[in-house]
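Every value quoted in this text rests on a predicted model; they were computed, and no experiment measured them. Any value given below was found using the heavy atoms of this structure, including those in side chains, with hydrogens, waters and symmetry copies removed.
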Number of protein chains: 2
Amino acid sequence: MLTERRATILGLVVREYVQTAEPVSSKALVDRRGLDVSSATVRNEMARLEDEGYITHPHTSAGRIPSDLGYRTYVQSLMAEEPVGVEEQRTITHQLHQVAGGLDEWLSLTATILAGAVGNVAVVTRPRAVAAGRLRHLQLVELNAETALLVAVMDDGRLRQRLVPLRQPATQTQLLERAARLNARLAGMDGSGARALASDLPDADEAAIARAAAELIEEPRGAEETYLDGLSRALRQPEFADPDRMLDAVARLQAYRLRTLLEGAADAQPGETRVVIGSELAADQMQDWSVVIARYGDPEAAGTVAVVGPTRMAYERTIPRVRYIASLMGQLLHDMR
Amino acid sequence: MLTERRATILGLVVREYVQTAEPVSSKALVDRRGLDVSSATVRNEMARLEDEGYITHPHTSAGRIPSDLGYRTYVQSLMAEEPVGVEEQRTITHQLHQVAGGLDEWLSLTATILAGAVGNVAVVTRPRAVAAGRLRHLQLVELNAETALLVAVMDDGRLRQRLVPLRQPATQTQLLERAARLNARLAGMDGSGARALASDLPDADEAAIARAAAELIEEPRGAEETYLDGLSRALRQPEFADPDRMLDAVARLQAYRLRTLLEGAADAQPGETRVVIGSELAADQMQDWSVVIARYGDPEAAGTVAVVGPTRMAYERTIPRVRYIASLMGQLLHDMR
DNA sequence: AGTTAGCACTCTCGCCCCGAGAGTGCTAAC
DNA sequence: GTTAGCACTCTCGGGGCGAGAGTGCTAACT
């Protein structure tokens, strides 16, 4: 049973440990956090908290550190989220509007901003259609006599391109006509529709183009690129003082390893923020890590924003900031279309 | 004066040190490299080499390690390049042809392959026109009644896109006509040409589109994205056993810090491979690093391939592999157009 | 019954010391 | 010019040790 006083103490242990990265002693809590009981009482309560599994001992004569259950309880019941201040909001939106280039730069910038705001590794994935994509429009551009560049605009505004070899050389004007013809029949189609149509077309080149279009439509959602930033900042945390751990962290965070981590939240709704702590992570080897994760966008184009860091993380700051960035991204993505 | 024997010894010291990462003793050289003189003779020669600045002493009773001058001499006169074997060539081209997606995935894959081939950090920059770009073709796609997506195909085949707000709502058909009209006048233009034309156009929307096209053409060559891989592998090198050094390395290698490093080789010719060793690097704080760098492509679209690692690097392997990858990329890039 | 002072006990951490080992530079002989 | 021999230097790892921090328990207090 978590009495009110024990809950308070657990909360203070988490906060103190997150701040100092040192095991928290009973004395430190009384002295620096203004508990109006003696350290002996705190010690008794701590022993109870340890029995119940909320905190642990690195060794006999050291202070306490929160267990995964301790963090979980803190996040769910004890913590008061620290709202994103007006000033901070302004800074973030300001930075976010700096972007001159396309979607990719925007995502990469977002990762940087988020990493800066929470002092940990931030990951952003490219938005992609949850439903299978449809073709909005295609275009052909002459590259040389035997090759055309096929550009497909998807219904989520994403561009995909592919080279198409031509049997019959064609001029740009001919290509434009051909694109117009194909557009009339292909617009709004999904991959299988385009494929079916391709087999109906008498002209070999047009059929090839339609087939290429079908492949572009079905393309595995584009490589799910992830943008990551804040690595060197996060590595400054004392938990990585040991070079083996640091190396381990770098290797794990190479973007492709993160995929599986983030996939777990693919079913989350935009607006929802999930926190996965330590042993709750499916990945066995990431017991010391936590992930704060949110989806942004809508079913037509949704992506993931996440912060990854040691379980000793300032959850009350991280969670609202991830949520805020995700909602901003959702808005901006919506405005783009 | 570097006698032949001293040159041999210097070469052996470099090779041995690169391999073992331990200071090289006179005895080790005689025992393991089959020198047919005694260790005392080697010691004498080493003392000379040290006087002349080719090698140094970490401390009095330790073996020798090459200085930057030592590496430089090795690379320029002593080393025999280890050619990329047929089998390795096959593996590399095979991997390189795996790519399904666009340019970006291709570049990122190349970085991975190169990093794997040399066991160090590999960096690849996006190819960009050295000369100012020209417009090949533009296309307009209806997004909604008030917004169109402007897609510009550059003469190097690169796509650029931008949203253009419309005063007059337009259907896709109208947009197609408009694109055809604009293409007739804009194709082949550079930025200032497009800008000049924009101010001549009577229609406000068309002028806006032409202006947007001008900006796309002049767009700062696209953010010069760099693709980096092999970090965690490189960090396994013993020089990073100290966590401070490791942290330092990670921070430096965040892509944006690398720019200045790579810029130094912007004037290199494709085919040329440059090696910059330790103190030769302009960046003061990278004294322990070397860069092997090559340009690929042609003036119309050129990029950089590089390997970055500790000065203790297997130059005879790295240099030919960087050169090989650069030439492959040049070919592939050429074939794409 | 809950709280607290006091105290013995435990464990870590940093420090020093020291011996083993590796490698050099020098000298003297070949 | 080369080499054996040797004294000398410096690093590195391990053991020992004392200081310090923190706990758990007991007994007294409210």
Side-chain angles (χ1 to χ4, degrees), chain A residues 1-10 12-13 16-17 19-67 70 238-239 241-244, chain B residues 1-10 12-13 16-17 19-67 70 238-239 241-244:
Chain A
M1 238 284 303
L2 197 62
T3 65
E4 191 168 344
R5 190 169 67 182
R6 277 204 281 287
T8 311
I9 290 178
L10 174 57
L12 292 178
V13 168
E16 183 76 9
Y17 183 62
Q19 198 184 322
T20 63
E22 309 262 297
V24 182
S25 75
S26 52
K27 190 151 176 302
L29 238 43
V30 176
D31 290 357
R32 312 198 358 214
R33 296 281 169 166
L35 272 181
D36 55 351
V37 289
S38 77
S39 69
T41 309
V42 176
R43 275 202 291 284
N44 286 332
E45 295 289 51
M46 277 177 157
R48 289 289 308 266
L49 282 168
E50 183 160 4
D51 287 346
E52 290 161 7
Y54 295 105
I55 55 184
T56 22
H57 250 175
H59 58 86
T60 326
S61 75
R64 299 312 210 293
I65 63 175
S67 67
E239 20 269 284
D242 175 39
D244 282 345
Chain B
M1 240 286 302
L2 198 60
T3 64
E4 190 169 343
R5 189 168 68 182
R6 278 206 279 287
T8 311
I9 291 179
L10 174 57
L12 292 178
V13 168
E16 182 76 10
Y17 183 61
Q19 197 184 323
T20 64
E22 309 262 296
V24 182
S25 74
S26 53
K27 190 154 176 303
L29 237 43
V30 176
D31 288 359
R32 308 195 6 209
R33 297 279 168 169
L35 272 179
D36 54 351
V37 289
S38 75
S39 67
T41 308
V42 176
R43 276 203 290 284
N44 286 332
E45 295 290 51
M46 278 177 156
R48 289 290 306 267
L49 282 168
E50 183 160 5
D51 288 345
E52 289 162 6
Y54 295 105
I55 54 183
T56 22
H57 249 174
H59 58 85
T60 327
S61 75
R64 300 310 212 293
I65 63 176
S67 67
E239 19 268 285
D242 175 38
D244 282 345

Set out, in order, the CA-CA distance, both residues' side-chain angles and the distance that settles side chain to side chain contact (heavy atoms under 4.5 Å, CB included) for A/Arg48 and A/Thr3, then state yes or no.
CA-CA 10 Å; A/Arg48 289 289 308 266; A/Thr3 65; over 6 Å; no

Rounded to the nearest 0.5 Å, what separates atom OG1 in B/Thr8 from atom CG in B/Leu29?
10.5 Å

Looking at CG of B/Asp242 and CD of B/Glu239, how far apart are the two atoms once the value is rounded to the nearest 0.5 Å?
12.0 Å

Nearest 0.5 Å please: distance from the CZ atom of A/Arg6 over to the CD atom of A/Glu52.
5.0 Å

Round to a whole Å and report the spacing from CZ of B/Arg6 to P of D/dT2.
11 Å

Do you know the tightest heavy-atom contact between B/Arg64 and B/Val13?
O-CG1, 4.2 Å

To the nearest 0.5 Å, how far apart are CZ in A/Arg5 and CG in A/Leu35?
9.0 Å

Rounded to whole Å, please give me the gap between CZ in B/Arg5 and C1' in D/dG1.
8 Å

Given pairs defined as Watson-Crick or G-U wobble with both distances under 3.5 Å, what dot-bracket annotation applies to DNA chain C, with ( ) intrastrand, [ ] crossing, | other strand and . unpaired?
||||||||||||||||||||||||||||||

Contact pattern, 5' to 3', of nucleotides 8-26 of chain C - B, S or - by protein heavy atom under 4.0 Å:
--BBS---------BBBB-

Between CG of A/Leu49 and OG of A/Ser67, what distance do you get to the nearest 0.5 Å?
9.5 Å

Value rounded to 0.5 Å, distance of OG1 in B/Thr41 from CD in B/Glu45
7.5 Å

